[in-house]
Structures are given as C-alpha cells and as structure tokens.
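Data block below; observations after.
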Number of protein chains: 2
Amino acid sequence: MGEDKKTEEVILEAAKTVFIRKGMDGARMQEIADEAGINKALLHYYFRSKQKLFDAVFSMVLRSTFNEMREIFSGEFSVEQAVRKFADSYINTLIQNPYIPEFVIHELNKDVEALQLLVSKNLPDITPFLQVIEKEIAEGKIRKMDPRQLLMNTISLCIFPFVGRPIITTILFEGDSNAFYQTMERRKSDVADFILNSIKK
Amino acid sequence: MGEDKKTEEVILEAAKTVFIRKGMDGARMQEIADEAGINKALLHYYFRSKQKLFDAVFSMVLRSTFNEMREIFSGEFSVEQAVRKFADSYINTLIQNPYIPEFVIHELNKDVEALQLLVSKNLPDITPFLQVIEKEIAEGKIRKMDPRQLLMNTISLCIFPFVGRPIITTILFEGDSNAFYQTMERRKSDVADFILNSIKK
DNA sequence: GTCTATACGCAGATAGAC
DNA sequence: GTCTATCTGCGTATAGAC
C-alpha cells in the first residue's frame with residue numbers, strides 16, 4: 001500500500017511535467033509513461049483514462065496556483081502590503097515554474113464550460129480586497145480609480161511576462177534566457193514600485 | 001482561376017477560425033472543412049498537409065499581429081504618444097479578436113525552435129523605442145527606470161486581460177462577459193493613464 | 001501491481017470517379 | 001476543382017500472463 005501510493009505520486013508528477021509542457025491535446029500517454037519510468041498500461045491501471053489523469057493533474061495545479069492568491073487578497077492586508085506580497089510571491093513562484101500560467105490559461109480557453117465547476121471551487125474570492133481598495137481611496141490614501149482595474153493591473157504585470165516569455169525573450173533580450181530571468185528577479189520590486197508610484201496621490 | 005483563389009481564401013479563413021480556438025493539436029481537419037463548407041480532401045488538395053495549412057495561418061496571424069507594433073515602436077513617437085497609441089490600438093484589436101494572443105503564445109511555447117525563424121522575420125525591432133525612453137529619462141521628462149521594464153509593463157497591461165479572460169471574467173466579473181468587455185473599453189484610457197501616472201516625475 | 005501484446009477508433013492523407 | 005470511398009498510422013485503451 002505504501003508502494004502503491006508512491007507509484008501513483010510518481011505518475012502524477014510525470015503527468016504534471018508533460019501536461020504542463022504539451023497541454024492535454026499535445027501530451028502522449030507514452031511520453032508520460034517514459035517520464036515516470038513505467039509503461040502505458042500502468043497509467044490506465046491507476047487512472048483509467050487520459051482524461052481522468054489530466055483532471056487529477058489540473059485540479060492539483062489549480063489548487064496550488066490559487067492558494068497563495070487567496071491569502072493575499074483575503075482583505076487583511078493594505079493595498080501596499082498586498083501589492084508587494086503578490087509581486088514577490090508570484091514572480092518567485094513563476095521563476096521556478098514558468099510554464100504553469102500558459103498551461104492553465106490554454107486549457108481554460110479551450111473548454112470554459114466543462115472546467116467551470118472545477119475552477120469555481122478553486123478560484124479565490126477577491127471582493128474583500130476590492131473593498132480595501134475602495135476604503136483607501138475614500139480615505140485619500142490612493143488616487144481615485146476602478147478597483148478592478150488596479151487588481152487587473154497587478155495580476156497582469158506579474159504574470160504576463162511569463163506567459164509571453166518566448167516572445168519577450170526574443171523581442172527584448174535577443175533570445176538570451178538568462179537576461180530574462182535576471183530581469184524578473186529585479187522585477188519583483190520594480191513592479192511593486194511601478195504600481196505604487198501610479199496610485200499614490 | 002478566380003474561383004480557385006476564392007476557395008483558397010475561404011479555407012484560410014476557416015482554418016484561422018478553428019486553429020485560433022482549438023490550437024494546432026486540438027483542431028481537426030474535418031472541423032475546418034465543415035467551417036469552410038467543403039470536404040477534407042479539398043483541404044489537402046490546396047495545402048497538402050495539416051502542418052502546411054497551419055503554417056500558412058500562423059504566419060498570416062503573426063504578420064497582422066505585429067504590424068501595428070512595428071509602427072508604434074519605430075521611434076518616431078514620444079513615450080506618451082506611443083503608450084496611448086499602443087493601448088488604444090491593441091485593446092481595440094483584442095476586443096474584436098480576443099483569442100489571438102493566447103493562440104500565438106501557446107504555439108510558441110510548445111515549439112520555440114521550429115518557429116523561431118518564422119517569428120524572427122515578423123517580430124518588430126523595438127530598440128529605437130528603448131532609446132526614446134532613455135532619452136526622455138536623460139531629459140528628466142520621466143523618472144529613472146529600466147526601459148525594458150516600462151515596455152514590458154505596457155505590453156502586459158494591454159494584452160494580459162485578454163489572455164487570461166476566462167479566469168478574469170470569472171474572478172472579477174462573476175462570469176459576466178459583457179461587464180468584462182465594457183471594462184476593456186474604458187481600459188484603453190485607464191491603462192495609459194496608469195502608466196503615465198507612474199512614470200511622470 | 002506490473003509487464004507484453006493486441007484491439008480499436010479516430011484523424012490525416014491518398015486514390016480515383018466525375 | 002470537387003467529390004466519395006478508402007488506406008494507414010498513431011495513440012488510447014484493454015486482455016491476459018506473470
């Protein structure tokens with residue numbers, strides 16, 4: 001039983017790696033089996049079908065992706081704290097896992113309906129944070145603006161460079177991948193400064 | 001011969017629609033044939049293979065996508081002009097074609113090598129604009145910052161909401177698609193204001 | 001639980017009539 | 001140039017031995 005569980009986890013890890021790189025449609029069960037060091041039949045023994053294996057991986061990825069967000073936008077932090085925390089935490093995670101956002105987005109784009117349920121369970125409720133923004137605007141701490149636009153800006157600035165990494169690396173860093181990642185390291189504070197500079201009165 | 005060309009264009013349009021929604025791997029030749037109102041065999045008669053048909057569509061999409069960018073970042077506009085032009089022009093285009101960025105990004109992520117040549121021919125050279133930014137910093141018109149970060153910010157803020165549209169619509173607009181698009185209309189000026197507010201001294 | 005061998009269906013590609 | 005019918009290979013899934 002201890003052994004069983006271990007195999008299952010090895011499969012999930014391998015499937016995660018392959019699905020994230022190739023997507024559901026592009027991934028091959030053979031490739032996942034190779035990555036896990038086992039054979040195709042065993043994948044079906046544990047997960048019955050490619051679709052079920054994918055669902056397991058996808059829900060795993062969603063959970064870990066949005067957990068951080070849930071805490072940061074829970075409403076217990078000020079706008080400045082949340083913006084700095086979000087930039088630092090997400091850009092750090094994305095430097096380690098640059099393929100995840102594009103993967104999630106691609107799968108959601110393909111089939112919004114089917115995954116809506118799965119997603120709604122995992123997506124954080126950000127209304128508390130929108131209220132914090134409104135409160136700080138009312139108090140005159142930050143300039144007047146649509147709270148949703150501010151939140152969208154924060155998310156966009158942190159995540160997009162990784163989603164568009166191939167293009168950005170080509171267009172802005174002449175294909176030099178190291179230069180890209182070094183800029184991302186600095187970006188953790190640069191982005192926060194950029195946002196806070198814009199919203200201060 | 002006039003008839004021939006028309007069929008070819010009908011196929012290209014249909015292929016574009018299907019490829020953009022489903023991606024290369026998810027698209028089916030049968031679906032493209034249906035969309036074009038013809039049969040599979042004719043697709044092969046005109047384009048020999050799915051791959052060649054895809055390449056034709058992809059290079060078409062790349063060209064139209066980056067043409068606007070080339071002009072805006074040519075160096076003939078000031079930072080403020082370029083930012084306002086870019087936000088207005090790209091958000092307008094994306095309201096009409098919201099699936100294009102995710103499509104391009106997904107295909108590039110899957111196979112960076114193979115498409116590198118295709119891409120490098122289409123990607124604009126943005127160094128002139130980076131120099132404009134540096135010049136305006138030197139002149140004290142805008143605050144000191146990494147020109148690449150500013151350009152990345154501008155691109156991120158305009159494009160990301162469309163790439164992440166399914167998630168953003170769910171998380172920020174309770175699934176109300178109209179609310180999303182109305183916010184994007186306002187975003188054309190909001191984003192420009194947000195950026196210019198942040199960089200002014 | 002893990003393997004090898006095999007069934008089966010789907011989707012890309014071709015043959016050949018009109 | 002456009003169609004119907006068919007081939008072929010690949011990839012998911014299953015059967016069955018160990």
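Residue numbers begin at 1 in each chain, while the letters A, B, ... track the order of the sequences.
Straight-line distance from the NZ atom of B/Lys50 to the C1' atom of C/dA11: 8 Å, rounded to whole Å. Atom CZ of B/Phe54 is separated from atom P of C/dA13 by 14 Å (rounded to the nearest Å). A straight line from CG of A/Leu42 to P of D/dT12 spans 16 Å, rounded to a whole angstrom. In this entry the distance linking CD of B/Glu31 with P of C/dG12 reads 10 Å, nearest Å. The CG-C1' distance, from A/Asp34 to D/dG11, rounds to 13 Å in whole Å. Between A/Leu43 atom CG and C/dT4 atom P there is a gap of 13 Å when expressed in whole angstrom units. Rounding to whole angstrom units, NZ of residue B/Lys52 and P of C/dG12 are separated by 16 Å. When the P atom of D/dG1 is taken as reference, atom CZ of B/Arg48 falls 15 Å away, rounded to whole Å.
Residues satisfying the salt bridge (charged side-chain N to carboxylate O under 4.0 Å, His left out) criterion with A/Glu80, sequence neighbours excluded, are A/Arg84. Not counting sequence neighbours, A/Gln96 has no partner by the side-chain contact (heavy atoms from CB on, under 4.5 Å) test. When the ring-ring contact (aromatic ring centres under 6.0 Å, His included) test is applied to B/Phe47, no partner is found at least two apart in sequence or on another chain. The ring-ring contact (aromatic ring centres under 6.0 Å, His included) check on A/Phe162 picks up A/Phe180, with sequence neighbours excluded. B/Lys188 pairs by the salt bridge (charged side-chain N to carboxylate O under 4.0 Å, His left out) definition with B/Glu185, not counting sequence neighbours. For A/Asn197, the side-chain contact (heavy atoms from CB on, under 4.5 Å) partners two or more places apart in sequence, or in a different chain, are A/Lys200, B/Arg143, B/Ser198. Applying the side-chain contact (heavy atoms from CB on, under 4.5 Å) rule to A/Ser59 yields the partners A/Arg63, A/Leu118; only residues at least two apart in sequence or on another chain are considered. Not counting sequence neighbours, B/Lys50 has no partner by the salt bridge (charged side-chain N to carboxylate O under 4.0 Å, His left out) test.
At a threshold of 4.0 Å, the pair A/Lys110-A/Glu107 counts as salt-bridged, since one of the basic side-chain nitrogens sits closer than that to a carboxylate oxygen.
No donor-acceptor contact under 3.5 angstrom links the side chains of A/Arg148 and A/Asn153, judged on distance only. A side-chain donor-acceptor contact under 3.5 Å links A/Asp55 and A/Gln51. For the 3.5 Å distance criterion, the side chains of A/Glu71 and A/Asn67 fail to qualify, holding no donor opposite an acceptor.
In this structure, the helix from C/dG1-D/dC18 to C/dC18-D/dG1 shows an angle of 10° between the axis at its start and the axis at its end, each fitted on 5 base pairs and rounded to 10°.
For residues 20-29 of chain A, proximity to DNA chain D is found at A/Ala27, A/Arg28, A/Met29, defined as any non-hydrogen atom under 4.0 angstrom from a strand atom.
In the set C/dC3, C/dG1, D/dG1, the nucleotide with an atom closest to the side chain of A/Ile38 is C/dC3. In the set D/dA13, D/dC3, C/dT14, the nucleotide with an atom closest to the side chain of A/His44 is D/dA13. Relative to the side chain of A/Asn39, the nucleotides D/dT14, C/dA13, C/dC3 differ in distance, and C/dC3 lies closest. Nearest to the side-chain atoms of B/Tyr46 among the listed nucleotides C/dA13, C/dG1, D/dG1 stands D/dG1.
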Would you tabulate the pairs of protein nitrogen or oxygen atoms and nucleotide nitrogen or oxygen atoms of nucleotides 16-18 of chain D closer than 3.5 angstrom?
none

Atom pairs, N/O to N/O, protein against nucleotides 6-8 of chain D, distance under 3.5 Å?
none

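Aromatic ring orientation, B/Phe73 versus B/Phe129: tilted (interplanar angle from 30° to 60°).
The residue among B/Gln51 and A/Tyr45 whose nearest nucleotide of DNA chain C lies closer to the 5′ end is A/Tyr45.
Here A/Thr7 does not reach the OP1 or OP2 of C/dG1: none of its side-chain N or O atoms lies under 4.0 Å away.
Going from atom CZ of B/Phe194 over to atom CG of A/Asp146 covers 12.0 Å, rounded to the nearest 0.5 Å.
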